[in-house]
Amino acid sequence: MQVLYFAWVRERIGVPREVVETSAETVADLVAELRDREERYDLAFSDMNAIRVALDQELSELSAPLVGVREIAFFPPMTGG
Amino acid sequence: MSVSVQAEDFDVGAELKVLSAGRTDIGAVVTFTGLVRDTAGGEGIAEMELEHYPGMTEKALAAIEAKANSRWQLQATRIIHRYGKLEPGAQIVLVAAASPHRGDAFEAAEFLMDFLKSRAPFWKKEGTADGGKWVDARDADEEALNRWS
(Lines give C-alpha, C1' and ligand atoms only; values in the text may rest on other atoms or scores of the structure.)
Protein backbone atom coordinates (compact mmCIF):
# COMPACT_ATOMS: atom_id res chain seq x y z
CA MET A 1 0.00 0.00 0.00
CA GLN A 2 1.18 3.51 -0.81
CA VAL A 3 1.33 5.60 2.35
CA LEU A 4 1.59 9.38 1.99
CA TYR A 5 2.39 11.99 4.63
CA PHE A 6 1.89 15.74 4.48
CA ALA A 7 2.94 18.86 6.41
CA TRP A 8 4.32 18.20 9.91
CA VAL A 9 3.37 14.52 9.73
CA ARG A 10 5.71 14.26 6.73
CA GLU A 11 8.43 16.17 8.59
CA ARG A 12 8.21 13.97 11.68
CA ILE A 13 8.27 10.73 9.71
CA GLY A 14 10.96 12.02 7.39
CA VAL A 15 9.59 10.86 4.02
CA PRO A 16 6.72 12.12 1.84
CA ARG A 17 5.63 8.62 0.81
CA GLU A 18 6.54 4.98 1.17
CA VAL A 19 5.25 1.54 0.33
CA VAL A 20 4.11 -0.34 3.43
CA GLU A 21 3.42 -4.06 3.45
CA THR A 22 0.69 -4.64 5.98
CA SER A 23 -2.18 -6.92 6.85
CA ALA A 24 -3.81 -4.29 9.07
CA GLU A 25 -7.58 -4.39 8.81
CA THR A 26 -8.35 -0.78 9.64
CA VAL A 27 -6.62 2.60 9.56
CA ALA A 28 -6.28 2.47 13.35
CA ASP A 29 -4.59 -0.97 13.11
CA LEU A 30 -2.10 0.38 10.58
CA VAL A 31 -1.33 3.37 12.81
CA ALA A 32 -0.72 1.03 15.78
CA GLU A 33 1.54 -1.13 13.61
CA LEU A 34 3.59 1.86 12.45
CA ARG A 35 3.88 3.27 15.99
CA ASP A 36 5.31 -0.05 17.17
CA ARG A 37 7.79 -0.06 14.36
CA GLU A 38 9.87 3.08 15.02
CA GLU A 39 9.95 6.09 17.30
CA ARG A 40 9.45 8.61 14.47
CA TYR A 41 6.04 7.07 13.70
CA ASP A 42 5.20 6.97 17.39
CA LEU A 43 5.98 10.69 17.60
CA ALA A 44 4.02 11.60 14.47
CA PHE A 45 0.94 9.67 15.61
CA SER A 46 1.10 10.51 19.33
CA ASP A 47 -2.05 12.68 19.15
CA MET A 48 -4.54 11.13 16.78
CA ASN A 49 -6.99 14.00 17.37
CA ALA A 50 -4.57 16.08 15.30
CA ILE A 51 -4.45 13.60 12.42
CA ARG A 52 -6.76 13.36 9.43
CA VAL A 53 -6.78 10.43 7.02
CA ALA A 54 -7.70 9.99 3.37
CA LEU A 55 -8.26 6.63 1.66
CA ASP A 56 -7.73 6.70 -2.09
CA GLN A 57 -7.92 10.50 -1.92
CA GLU A 58 -11.25 10.66 -0.04
CA LEU A 59 -11.45 11.88 3.57
CA SER A 60 -12.11 8.95 5.87
CA GLU A 61 -12.05 7.78 9.48
CA LEU A 62 -9.64 5.90 11.72
CA SER A 63 -12.12 3.07 12.05
CA ALA A 64 -12.40 2.62 8.27
CA PRO A 65 -11.42 -0.76 6.78
CA LEU A 66 -8.39 -0.96 4.50
CA VAL A 67 -9.77 -3.66 2.20
CA GLY A 68 -9.08 -2.71 -1.42
CA VAL A 69 -7.39 0.58 -0.50
CA ARG A 70 -4.39 1.42 -2.66
CA GLU A 71 -3.38 4.79 -1.24
CA ILE A 72 -3.65 6.09 2.29
CA ALA A 73 -2.61 9.57 3.40
CA PHE A 74 -2.05 11.01 6.87
CA PHE A 75 -1.99 14.76 7.52
CA PRO A 76 -2.91 17.49 10.01
CA PRO A 77 -6.25 19.35 9.80
CA MET A 78 -6.30 21.23 6.51
CA THR A 79 -5.60 24.95 6.29
CA GLY A 80 -6.61 25.99 2.79
CA GLY A 81 -8.10 29.22 1.52
CA MET B 1 -17.43 25.08 -13.40
CA SER B 2 -13.69 25.21 -13.39
CA VAL B 3 -10.93 24.45 -10.88
CA SER B 4 -7.20 25.18 -11.11
CA VAL B 5 -4.45 24.24 -8.67
CA GLN B 6 -1.32 26.07 -9.71
CA ALA B 7 1.95 27.66 -8.60
CA GLU B 8 1.49 30.66 -10.94
CA ASP B 9 -0.25 33.88 -10.04
CA PHE B 10 -3.66 34.73 -11.55
CA ASP B 11 -5.35 37.82 -12.98
CA VAL B 12 -8.74 38.41 -11.37
CA GLY B 13 -9.91 40.73 -14.16
CA ALA B 14 -8.98 38.24 -16.87
CA GLU B 15 -10.74 35.43 -15.00
CA LEU B 16 -13.91 37.53 -14.71
CA LYS B 17 -13.89 38.20 -18.44
CA VAL B 18 -13.60 34.48 -19.18
CA LEU B 19 -16.43 33.74 -16.75
CA SER B 20 -18.90 36.06 -18.50
CA ALA B 21 -17.57 35.88 -22.07
CA GLY B 22 -20.28 35.56 -24.72
CA ARG B 23 -23.24 35.65 -22.34
CA THR B 24 -25.67 38.34 -21.26
CA ASP B 25 -27.79 36.41 -18.76
CA ILE B 26 -25.49 36.88 -15.74
CA GLY B 27 -26.72 39.52 -13.29
CA ALA B 28 -24.14 39.20 -10.54
CA VAL B 29 -20.59 37.97 -10.11
CA VAL B 30 -19.09 37.77 -6.62
CA THR B 31 -15.36 37.22 -6.36
CA PHE B 32 -13.21 36.62 -3.30
CA THR B 33 -9.42 36.90 -3.39
CA GLY B 34 -7.31 35.67 -0.48
CA LEU B 35 -3.90 37.29 0.07
CA VAL B 36 -0.83 36.44 2.18
CA ARG B 37 -0.73 38.72 5.26
CA ASP B 38 2.61 39.95 6.57
CA THR B 39 1.83 39.17 10.22
CA ALA B 40 0.25 36.35 12.23
CA GLY B 41 -0.29 36.52 15.98
CA GLY B 42 1.87 39.65 16.16
CA GLU B 43 4.80 37.96 14.47
CA GLY B 44 6.24 39.08 11.13
CA ILE B 45 6.02 36.67 8.22
CA ALA B 46 8.67 36.66 5.51
CA GLU B 47 6.94 34.06 3.35
CA MET B 48 4.16 31.51 3.30
CA GLU B 49 4.60 28.03 1.92
CA LEU B 50 1.56 26.08 0.79
CA GLU B 51 1.79 22.32 0.52
CA HIS B 52 -1.00 20.28 -1.06
CA TYR B 53 -1.98 16.74 -2.00
CA PRO B 54 -1.83 16.53 -5.80
CA GLY B 55 -4.74 14.50 -7.09
CA MET B 56 -6.88 14.77 -3.99
CA THR B 57 -6.78 18.57 -4.09
CA GLU B 58 -8.34 18.76 -7.55
CA LYS B 59 -10.99 16.19 -6.61
CA ALA B 60 -11.84 17.96 -3.35
CA LEU B 61 -12.16 21.36 -5.04
CA ALA B 62 -14.33 19.93 -7.83
CA ALA B 63 -16.58 18.24 -5.24
CA ILE B 64 -16.95 21.50 -3.27
CA GLU B 65 -17.73 23.38 -6.48
CA ALA B 66 -20.33 20.79 -7.52
CA LYS B 67 -21.94 21.05 -4.09
CA ALA B 68 -22.30 24.84 -4.47
CA ASN B 69 -23.77 24.43 -7.94
CA SER B 70 -26.39 21.99 -6.71
CA ARG B 71 -27.36 24.25 -3.82
CA TRP B 72 -27.64 27.64 -5.55
CA GLN B 73 -28.72 28.83 -8.96
CA LEU B 74 -25.30 29.54 -10.42
CA GLN B 75 -24.36 30.21 -14.02
CA ALA B 76 -20.62 29.84 -13.60
CA THR B 77 -18.08 29.20 -10.86
CA ARG B 78 -14.32 29.43 -10.76
CA ILE B 79 -11.80 28.32 -8.14
CA ILE B 80 -8.05 28.94 -8.36
CA HIS B 81 -5.82 27.88 -5.47
CA ARG B 82 -2.06 28.41 -5.54
CA TYR B 83 0.64 26.33 -3.86
CA GLY B 84 4.37 26.75 -3.26
CA LYS B 85 6.25 29.68 -1.74
CA LEU B 86 4.33 32.96 -1.64
CA GLU B 87 5.40 36.37 -0.37
CA PRO B 88 3.29 38.72 1.76
CA GLY B 89 0.81 40.51 -0.48
CA ALA B 90 0.66 37.62 -2.94
CA GLN B 91 -2.68 36.22 -4.05
CA ILE B 92 -3.40 32.73 -2.69
CA VAL B 93 -6.92 31.90 -3.72
CA LEU B 94 -9.70 33.08 -6.03
CA VAL B 95 -13.32 32.09 -5.76
CA ALA B 96 -15.94 33.45 -8.18
CA ALA B 97 -19.65 32.74 -8.47
CA ALA B 98 -21.97 34.07 -11.16
CA SER B 99 -25.74 34.11 -10.84
CA PRO B 100 -28.79 35.95 -12.19
CA HIS B 101 -29.16 37.64 -8.77
CA ARG B 102 -26.64 38.68 -6.15
CA GLY B 103 -28.03 36.65 -3.24
CA ASP B 104 -27.04 33.29 -4.67
CA ALA B 105 -23.65 34.58 -5.84
CA PHE B 106 -22.74 36.02 -2.41
CA GLU B 107 -23.82 32.92 -0.51
CA ALA B 108 -22.14 30.51 -2.92
CA ALA B 109 -18.83 32.41 -2.77
CA GLU B 110 -18.87 32.30 1.03
CA PHE B 111 -19.82 28.61 1.04
CA LEU B 112 -16.95 27.82 -1.34
CA MET B 113 -14.43 29.66 0.86
CA ASP B 114 -15.73 28.05 4.07
CA PHE B 115 -15.23 24.60 2.56
CA LEU B 116 -11.83 25.43 1.04
CA LYS B 117 -10.57 26.47 4.48
CA SER B 118 -10.95 23.09 6.11
CA ARG B 119 -11.90 20.52 3.45
CA ALA B 120 -9.32 21.14 0.72
CA PRO B 121 -6.00 19.38 1.36
CA PHE B 122 -3.71 22.39 1.71
CA TRP B 123 -1.36 23.12 4.59
CA LYS B 124 0.20 26.52 5.25
CA LYS B 125 3.63 27.01 6.75
CA GLU B 126 4.63 30.50 7.84
CA GLY B 127 8.25 31.49 7.45
CA THR B 128 9.17 33.70 10.44
CA ALA B 129 12.45 34.95 11.90
CA ASP B 130 12.56 31.78 14.06
CA GLY B 131 12.13 29.46 11.11
CA GLY B 132 9.00 27.76 9.86
CA LYS B 133 5.73 27.22 11.70
CA TRP B 134 2.77 25.17 10.48
CA VAL B 135 -0.47 27.10 10.71
CA ASP B 136 -2.97 25.46 13.07
CA ALA B 137 -6.50 24.88 11.87
CA ARG B 138 -8.92 27.27 13.61
CA ASP B 139 -12.01 26.04 15.45
CA ALA B 140 -13.86 29.02 13.92
CA ASP B 141 -13.22 27.62 10.44
CA GLU B 142 -14.70 24.29 11.40
CA GLU B 143 -17.69 26.02 13.02
CA ALA B 144 -18.22 28.07 9.86
CA LEU B 145 -19.12 24.84 8.06
CA ASN B 146 -21.95 24.07 10.47
CA ARG B 147 -24.15 26.87 9.25
CA TRP B 148 -24.30 25.25 5.80
CA SER B 149 -25.45 21.87 7.07
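Sequence lines set the chain letters: A, B, ... in the order given, protein chains first and strands last, and positions in each chain run from 1.
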Margin query: Looking only at heavy atoms and a cut-off of under 4.5 Å, which of F32(B), Y53(B), F122(B) has the most pairs with chain A?
Written below: Y53(B)
Note to self: Ring centroids only, cut at 6.0 angstrom: are F6(A) and F74(A) within range, meaning strictly under it?
What the structure shows: no
Item checked: cation_pi(R12(A), W8(A)) dist<6.0 Å, angle<=45 -> yes
Note to self: With a 4.5 angstrom heavy-atom cut-off, is it the side chain or the backbone of R52(A) that approaches chain B, or both, or neither?
What the structure shows: neither
Notebook entry, point to check: Of the backbone (N, CA, C, O) and the side chain (C-beta and beyond), which part of A7(A) lies under 4.5 Å from a heavy atom of chain B, both, or neither?
Noted result: both
Margin query: For K59(B), I'd like to know if atom NZ has over 12 heavy atoms of other residues, nucleotides or ligands within 6.0 Å.
Written below: yes
Check: Can you say whether D141(B) sits under 4.5 Å from chain A via the side chain, the backbone, both, or neither, judging by heavy atoms?
Finding: neither
Notebook entry, point to check: Looking just at side-chain N and O atoms, do Y5(A) and E18(A) make a donor-acceptor pair shorter than 3.5 Å?
Noted result: yes
Item checked: Options R82(B), R119(B), E49(B), ranked by heavy-atom pairs under 4.5 Å with chain A, top entry -> R119(B)
Next item on the list: Assign the ring pair F111(B) / F115(B) to parallel, tilted or perpendicular, where the plane angle (0 to 90°) is split at 30° and 60°.
Entry: tilted
Next item on the list: For chain A, find which of G34(B), P121(B), G132(B), A60(B) contributes the most heavy-atom pairs closer than 4.5 angstrom.
Entry: P121(B)
Next item on the list: Please determine, by modelled atom types, if E65(B) and T77(B) share a side-chain donor-acceptor pair under 3.5 angstrom.
Entry: yes
Notebook entry, point to check: Which atoms of K117(B) come close to chain A, meaning under 4.5 Å heavy atom to heavy atom: side chain ones, backbone ones, both, or neither?
Noted result: both
